[in-house]
Q: 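Have a look at this one before I ask anything.
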Number of protein chains: 2
Amino acid sequence: MLTNERHSYILKKLEKKQAVKIQDLVDETGASESTIRRDLTELESQQKLERVFGGAILTRHNLIEQSVTDKSTQNLSEKIQVAQAAAELIKEGDSVFLDAGTTTFQMIPFLQNKNLVVVTNGLTLVDTLNEYGITTYLTGGLFKSKTSAFVGSQTVLAMKNYRFDVCFLGVNGLHVENGYTTPDPEEAAVKQVASSLSRNTFVLADHSKINQISFAKIMDLENAMLIIDSMPSEILDDFRKKTSVKLVHE
Amino acid sequence: MLTNERHSYILKKLEKKQAVKIQDLVDETGASESTIRRDLTELESQQKLERVFGGAILTRHNLIEQSVTDKSTQNLSEKIQVAQAAAELIKEGDSVFLDAGTTTFQMIPFLQNKNLVVVTNGLTLVDTLNEYGITTYLTGGLFKSKTSAFVGSQTVLAMKNYRFDVCFLGVNGLHVENGYTTPDPEEAAVKQVASSLSRNTFVLADHSKINQISFAKIMDLENAMLIIDSMPSEILDDFRKKTSVKLVHE
DNA sequence: GTTATAATCAATCAAAAACGTTCAAACTCA
DNA sequence: TGAGTTTGAACGTTTTTGATTGATTATAAC
């Protein structure tokens, strides 16, 4: 591996994980500890990262820049509020399905010390769930890089070995007539199955999704409880004829 | 190969891989090191690429480049050499099981363009497999943070929906009498199942594992072919009475 | 708290790899 | 043939690398 390649590898991993360990880099690149140390020293002098004992972390500068450009942080405060409200619906000892997605990701910090078992099809959730000490099962299946989610028949098959007390789904569109929708049919299928295996289904959304229609239908409004940050009152009445709606600001 | 031919070959490869090594170009074009150096110097003066120590990279985007590990036979750690030797046993279109671990991780760069389907229980492998454009299935199951592997009954259950042409396992100990061993019984179970579902089983190890005995037994030597960097000849004879051994340095 | 143990660190050094330069041989094209 | 170009090998130099050392820091045990 060329020096540049290692540097790129390190930065790329750092961007994805927020933190890297020297020993991991040694194993992954095949370079020696000394070389990785030199790499980190060099990259730190370029302000690309900040060294810490045992590895390196993103510079604050990079952190801010990333959070501005990253779509996952758009509407972040709303998402976190919705996530917190959703997490409060979980009881001690529940078995929980967490859909792959940024909103469900935000729920994780609120799940601590609840003695939960969490199942997810989202790759990005695994590390964080684990950091919070939560027993975590991944569905497995075919990996879809675009959304970092596992989908397909194997995923569905694996899920059928579980039963959930509660399941939390993200959606891209919610519409009085057309119900819940999402761009990817395969992910829609996973969401459907999760819901069918769960005693209670909750859909997480923010107000930007109201009366949007995305491509693939997940289910009708009747089949899940909606958790959303806010909603105009005239529309809210229509929704409440069909399903239970929990507003965060109440 | 003519000068122009070499130049376009270099640029084409660079386009595809984002980085090229001089030694690789020497091997691939049959030209001498001096000639390749002259080519790179020339192309750099035309702003077509940027030279770095050991090779060249694309000039354009400052984007984080994909890591490229290639088969230059010099200066590779033992793990990578073992990994490469292992990867060469895979045929076009094979279905492959890759055990969680650092040695199997090193196989990934050598799996490109083989039209494979890869199944793994290693979380860390998923991202990299995906970067190399390889169709990837994860077994799923209970996540074990210490080794970033999925283990347990769900993992085993999910695996039983697959059949493999070849499976590659890492081990911590190999011993003439005691066979293959590893510290974690649950991972040992996963390795056993993978092997039972595969037409051919290969164990990857380096010489530091010889005649070590770790805790959990995986299988006897008879049940897998061993791929290892080197082995003292008197021991080698003992091993060869029981199983096929592929030495990297031969 | 204190101590013992393990992990990580920076600094150093010798070996390996990659470098540019030079020069003679081989090739090209008139 | 002969001038101009391209090539590969040889050389000493520079850069990169991995192993080792003892100091420093974290972790565990007490």
Side-chain angles (χ1 to χ4, degrees), chain A residues 1-11 13-14 17 19-46 48-57 131 133, chain B residues 1-11 13-14 17 19-46 49-57 65 67-84 102-103 106 145-148 172 183 206-208 229-230 248-249:
Chain A
M1 234 188 203
L2 300 175
T3 308
N4 298 74
E5 290 181 74
R6 281 197 317 274
H7 286 193
S8 300
Y9 182 91
I10 292 169
L11 291 176
K13 176 165 187 183
L14 198 55
K17 304 254 183 175
V20 295
K21 286 191 215 161
I22 287 185
Q23 268 314 317
D24 291 346
L25 292 173
V26 168
D27 291 341
E28 290 159 15
T29 63
S32 72
E33 202 181 300
S34 303
T35 300
I36 298 296
R37 279 184 202 292
R38 276 187 278 255
D39 287 341
L40 293 186
T41 307
E42 166 75 10
L43 290 169
E44 184 177 39
S45 73
Q46 296 173 20
K48 302 258 178 74
L49 53 77
E50 191 177 328
R51 294 196 61 181
V52 296
F53 200 88
I57 56 174
E131 277 165 26
Chain B
M1 221 185 222
L2 270 48
T3 307
N4 287 341
E5 254 182 290
R6 282 198 316 276
H7 283 198
S8 51
Y9 179 89
I10 292 169
L11 292 175
K13 175 165 187 182
L14 199 54
K17 302 251 189 173
V20 294
K21 288 190 221 170
I22 287 186
Q23 273 311 317
D24 291 346
L25 292 173
V26 169
D27 293 342
E28 289 158 15
T29 64
S32 72
E33 204 180 297
S34 305
T35 300
I36 299 296
R37 279 185 204 293
R38 277 188 277 257
D39 287 341
L40 294 186
T41 308
E42 167 72 10
L43 290 169
E44 184 178 39
S45 73
Q46 297 172 21
L49 53 76
E50 186 181 333
R51 293 197 62 181
V52 295
F53 202 91
I57 57 174
E65 292 127 21
S67 78
V68 184
T69 312
D70 223 318
K71 48 181 167 184
S72 123
T73 47
Q74 295 174 335
N75 190 31
L76 293 179
S77 77
E78 282 130 8
K79 272 185 186 174
I80 295 181
Q81 290 183 38
V82 170
Q84 180 173 10
T102 53
T103 311
Q106 296 296 343
S145 61
K146 194 178 172 190
T147 54
S148 283
N172 281 66
D206 62 78
H207 62 273
S208 70
D229 57 328
S230 64
V248 171
H249 297 303

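Note: hydrogens, waters and symmetry copies are ignored here, and every other heavy atom, side chains too, is used. Since the model is a prediction, treat every value here as computed from it, not as a measurement. Lettering of chains follows the sequences in order, A, B, ..., and the numbering in each one begins at 1.
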Q: Whole angstroms only, please: what is the CD-C1' distance between B:Q23 and C:dC19?
A: 12 Å

Q: Do B:R38 and C:dG20 share a donor-acceptor pair, side chain to base, under 3.5 Å?
A: no

Q: How long is the line joining CZ of A:F53 and P of C:dT8, in whole Å?
A: 7 Å

Q: Can you tell me how far OG1 of A:T29 sits from NE2 of A:H7, rounded to the nearest 0.5 angstrom?
A: 10.5 Å

Q: For B:Q106 and B:Q84, does a side-chain donor sit closer than 3.5 Å to a side-chain acceptor?
A: no

Q: Just N and O in the side chain of A:S32: are any of them under 4.0 Å from OP1 or OP2 of D:dT17?
A: no

Q: Using a heavy-atom cut-off of 4.0 Å across all strands, would you classify A:V26 as base, sugar-phosphate, or nothing?
A: nothing

Q: Between A:A31 and B:L2, which is nearer to the 5' end of DNA chain D once each is assigned its nearest nucleotide?
A: B:L2

Q: Do A:L25 and A:K13 touch side chain to side chain, with heavy atoms closer than 4.5 Å?
A: yes

Q: Starting at atom CG of A:D24, determine the distance to atom P of C:dA7, rounded to an integer number of angstrom.
A: 14 Å

Q: Find the distance B:D39:CG to D:dT7:C1' and express it as a whole number of Å.
A: 11 Å

Q: Identify, between A:S34 and B:R37, the residue whose nearest nucleotide on DNA chain C lies closer to the 5' end.
A: A:S34

Q: Take the protein atom CG of B:D27 and the nucleotide atom P of C:dA17, then report the distance between them rounded to whole Å.
A: 14 Å

Q: With a 4.0 Å cut-off on N to O distance, would you call B:R37 and B:E33 a salt bridge?
A: yes

Q: Measure the distance from CE on B:M1 to C1' on D:dT7 and round it to the nearest whole Å.
A: 15 Å

Q: Is the closest side-chain donor-acceptor distance between A:Q46 and A:K48 under 3.5 Å?
A: yes

Q: For B:I36 and C:dA17, what is the distance between atoms CD1 and P respectively, to the nearest whole Å?
A: 19 Å

Q: Base, sugar-phosphate, or nothing: which does A:T3 touch, judged by heavy atoms less than 4.0 Å apart?
A: sugar-phosphate

Q: May I have the distance from A:E42 (atom CD) to D:dT16 (atom C1'), rounded to whole angstrom?
A: 12 Å

